[in-house]
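Presented below is the structure to which this report refers.
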2 protein chains.
Amino acid sequence: MQKKYLTIYDDLVDKIKAGIWPVNTLLPSENDLTNRYETSRETIRKALNLLSQNGYIQKVRGKGSIVLDAHKFSFPVSGIVSYKELTKQLNITSNTIVQELSYMETPSALQELVNIEGNVWRAVRIREIDGEKIILDKDYFSEMHVPFPTKEICEDSIYQYIEEELGLTIGFAQKEIVVEEPTKEDYELLSLEGFSNIVVIKSHVYLDDTSLFQYTESRHRPDKFRFIDFARRI
Amino acid sequence: MQKKYLTIYDDLVDKIKAGIWPVNTLLPSENDLTNRYETSRETIRKALNLLSQNGYIQKVRGKGSIVLDAHKFSFPVSGIVSYKELTKQLNITSNTIVQELSYMETPSALQELVNIEGNVWRAVRIREIDGEKIILDKDYFSEMHVPFPTKEICEDSIYQYIEEELGLTIGFAQKEIVVEEPTKEDYELLSLEGFSNIVVIKSHVYLDDTSLFQYTESRHRPDKFRFIDFARRI
DNA sequence: TCAGTCAACTTGTATATACATGTTAACCGA
DNA sequence: TCGGTTAACATGTATATACAAGTTGACTGA
């Protein structure tokens, strides 16, 4: 089954981006859209609620759905997005250096924290942008869920491998952003001349069956770090 | 009308926090809850989808709704939350110093950026925690929406004033987190000895009629900064 | 015993209806 | 002309029904 409300959502996103309905104007009413897409109002409302959650429209009772400035809000660094997807969205050309790819027992420091049973494998990758080494990604995956991969997979996209090759479904993530002092490793592997801080994004990523399968530290040079979030009240 | 799905949501949140349904167990099924709350399944589903969005449960088709570890995810710094609400949630005792409260024409630097018509008023507040000046909040409000307030309001909660006294409804916000070098003002007003970076959260906050009414820069000492986000894939 | 089937659950999607509630503009009467 | 009323229309909430699709465990038959 192709989910009707998702195809309608995608269609509306395309049309908003194409400027069919300019910013600050109203979308057609729910009843109008119900007729256009030959569906029920509830299905239209599901699609519109997705648009609202993702910052494309603001629904106002009695008036309609106002189109927001998508350009301002089209930089979603919140959410779960792989680095490959991110570079594609932002139109960045980037080079990934696989610094380390190893198999190990779960470090005791991570044991409690990560709560991964069995062994893990670890990937350390450097993201190079415009010839500068900006980001250091340190990933731990539980082998229970994700078998040891090849270097090629790590150079491309581990998430693509996990979702498309292994058929796993990523459910949710808990992310924490803090600022730390760089470690020796940071100074060795990144272009950190003159910087005395590093932004660290620590993520616990879970499958849809709620099992933890990944812990990641993404370490960013502070001047290149930017996090954008769209939030709604209540 | 009291929204039934919201009262059910609040009730379920309370019960999950109270441990009625332990972590990693299943909630009663949707049909079961439908009977318990004497409502329809769609209403239960609205409440459950809210729980899912806010990280309390993971819904799995064919199985049920799994209770997630609320303690891990109970630090929602994403979303739109006032500083007063935040300190209450985190059980922090904090002191607010109103450094400046002024009325001015919209600065030309903000004119384009903020797109506020007419004049603005500006509040500069220092947040003191454990005797240390940790956060510098610089707020700009359009007088068109928010009349010039008293010092007492700024010491308490501007948001409470806006929502409860003025009856305005906050709709959404666009937030950007970056790391900058501290300005002279930062060094003067905050306890920044030995720090060469500052974390800046820049927010554009809109009413539910999509009009911009506030621009804020919240400047945090890096060692005390922590941002936590719960995200779902897709 | 064991493998396979199937029934009885679960959540997900789609539709229809009714009424509540907020917005807007046309209309009407003083 | 002006102000209030009201009808038409917008979205929000609640309910009911039907079927799709994933999970689980019991049952059946070889």
Side-chain angles (χ1 to χ4, degrees), chain A residues 1-12 21 24-53 56-68 167-172 207-211 232-234, chain B residues 1-12 21 24-53 56-68 167-172 207-211 232-234:
Chain A
M1 176 194 290
Q2 48 160 345
K3 297 167 189 173
K4 205 180 271 192
Y5 73 92
L6 276 184
T7 61
I8 293 174
Y9 166 77
D10 289 334
D11 192 55
L12 291 173
W21 302 295
N24 280 326
T25 64
L26 294 175
L27 283 190
S29 75
E30 292 177 353
N31 284 321
D32 193 343
L33 291 172
T34 299
N35 294 328
R36 293 197 197 198
Y37 286 99
E38 293 180 331
T39 179
S40 68
R41 189 176 153 222
E42 278 304 312
T43 300
I44 292 295
R45 283 178 59 75
K46 277 191 189 172
L48 292 183
N49 284 334
L50 268 185
L51 288 173
S52 172
Q53 278 175 35
Y56 288 102
I57 62 171
Q58 175 74 9
K59 305 193 79 184
V60 182
R61 171 186 287 206
K63 285 187 71 174
S65 298
I66 304 170
V67 179
L68 300 180
L168 298 177
T169 304
I170 296 167
F172 56 93
L207 296 177
D208 64 347
D209 66 355
T210 76
S211 60
R232 289 195 169 274
R233 181 83 167 159
I234 297 179
Chain B
M1 174 193 290
Q2 47 162 346
K3 297 167 189 172
K4 204 180 272 192
Y5 74 92
L6 275 184
T7 62
I8 293 174
Y9 166 78
D10 290 334
D11 192 56
L12 291 173
W21 303 294
N24 280 328
T25 63
L26 294 175
L27 284 189
S29 75
E30 293 179 353
N31 284 322
D32 193 343
L33 291 172
T34 298
N35 294 329
R36 293 196 197 199
Y37 286 99
E38 293 180 332
T39 180
S40 68
R41 189 175 153 222
E42 278 304 312
T43 300
I44 292 295
R45 283 177 59 74
K46 277 190 188 171
L48 292 183
N49 284 334
L50 268 185
L51 288 173
S52 172
Q53 277 175 38
Y56 287 103
I57 62 171
Q58 175 74 9
K59 306 192 79 185
V60 182
R61 170 186 287 205
K63 285 186 71 173
S65 298
I66 304 170
V67 179
L68 299 181
L168 298 177
T169 304
I170 295 167
F172 56 94
L207 297 176
D208 64 347
D209 67 356
T210 77
S211 59
R232 290 194 171 275
R233 182 80 166 161
I234 298 178

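Every chain is numbered from 1 and lettered A, B, ... according to where its sequence line falls, protein lines coming before strand lines. Predicted model, so just to flag it, every value in this text is computed and none were measured.
Annotation: of the two residues near DNA chain C, B:Asn49 and A:Thr39, the 5′-most nearest-nucleotide partner is B:Asn49. Positionally, the nearest nucleotide of DNA chain D for A:Ser65 lies more toward the 5' end than for the other of A:Glu42 and A:Ser65.
Atom NZ of B:Lys63 sits about 7.5 Å away from atom OG1 of A:Thr210, to the nearest 0.5 Å. Within the model, atoms CD1 of A:Ile66 and OG1 of A:Thr25 stand 9.5 Å from one another, a figure rounded to the nearest 0.5 Å. From B:Leu27, atom CG reaches atom CG of B:Leu12 across 6.5 Å, with rounding to the nearest 0.5 Å.
Computed from coordinates, the A:Asp208 CG to D:dG22 P distance equals 12 Å when rounded to whole Å. Counting to the nearest Å, the P atom of C:dT11 and the CG atom of B:Asp32 are 9 Å from each other. Across the protein-nucleic acid pair, A:Glu30 atom CD and C:dT15 atom P stand 15 Å apart, rounded to whole Å. When the P atom of D:dT15 is taken as reference, atom CD of B:Glu38 falls 10 Å away, rounded to whole Å. Going from atom NZ of B:Lys46 over to atom C1' of D:dA16 covers 14 Å, rounded to whole Å. D:dG22 atom C1' lies 14 Å from atom NZ of B:Lys59, rounded to whole Å. In this entry the distance linking CZ of A:Arg41 with C1' of D:dA10 reads 8 Å, nearest Å. As rounded to whole Å, 14 Å separates atom C1' of C:dT17 from atom CZ of A:Arg45.
Taking every side-chain heavy atom of A:Lys4 into account, C:dT15 is the closest of C:dT15, C:dA18, D:dA14. The side chain of A:Ser40 lies closest to C:dA14, out of C:dA14, D:dT11, C:dT13. In the set D:dA10, C:dA14, C:dT10, the nucleotide with an atom closest to the side chain of B:Asn31 is C:dT10.
The existence of a salt bridge linking A:Lys4 and A:Glu38 is excluded, since no basic side-chain nitrogen approaches an acidic carboxylate oxygen closer than 4.0 Å.
Taking side-chain N and O atoms only, B:Thr43 has a distance below 4.0 Å to OP1 or OP2 of D:dT15. Dashed line: the shortest gap from a side-chain N or O of A:Lys3 to OP1 or OP2 of C:dG12 is not under 4.0 Å. Residue A:Tyr5 places no side-chain N or O under 4.0 Å from the OP1 or OP2 atom of C:dA14.
For A:Thr34, there are no side chain to side chain donor-acceptor pair (under 3.5 Å) partners at least two apart in sequence or on another chain.
Taking all atoms of both residues into account, the shortest heavy-atom contact from B:Trp21 to B:Leu26 is CD1-O, 4.5 Å.
Side-chain contact between A:Asp208 and A:Phe172: absent, with no pair of heavy atoms (C-beta onward) separated by less than 4.5 Å.
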Check the interface with nucleotides 23-26 of chain C: list each N/O to N/O pair with the protein under 3.5 Å, or write none.
unit_1: C:dT23; atom_1: O4'; unit_2: A:Gly62; atom_2: O; d: 3.3

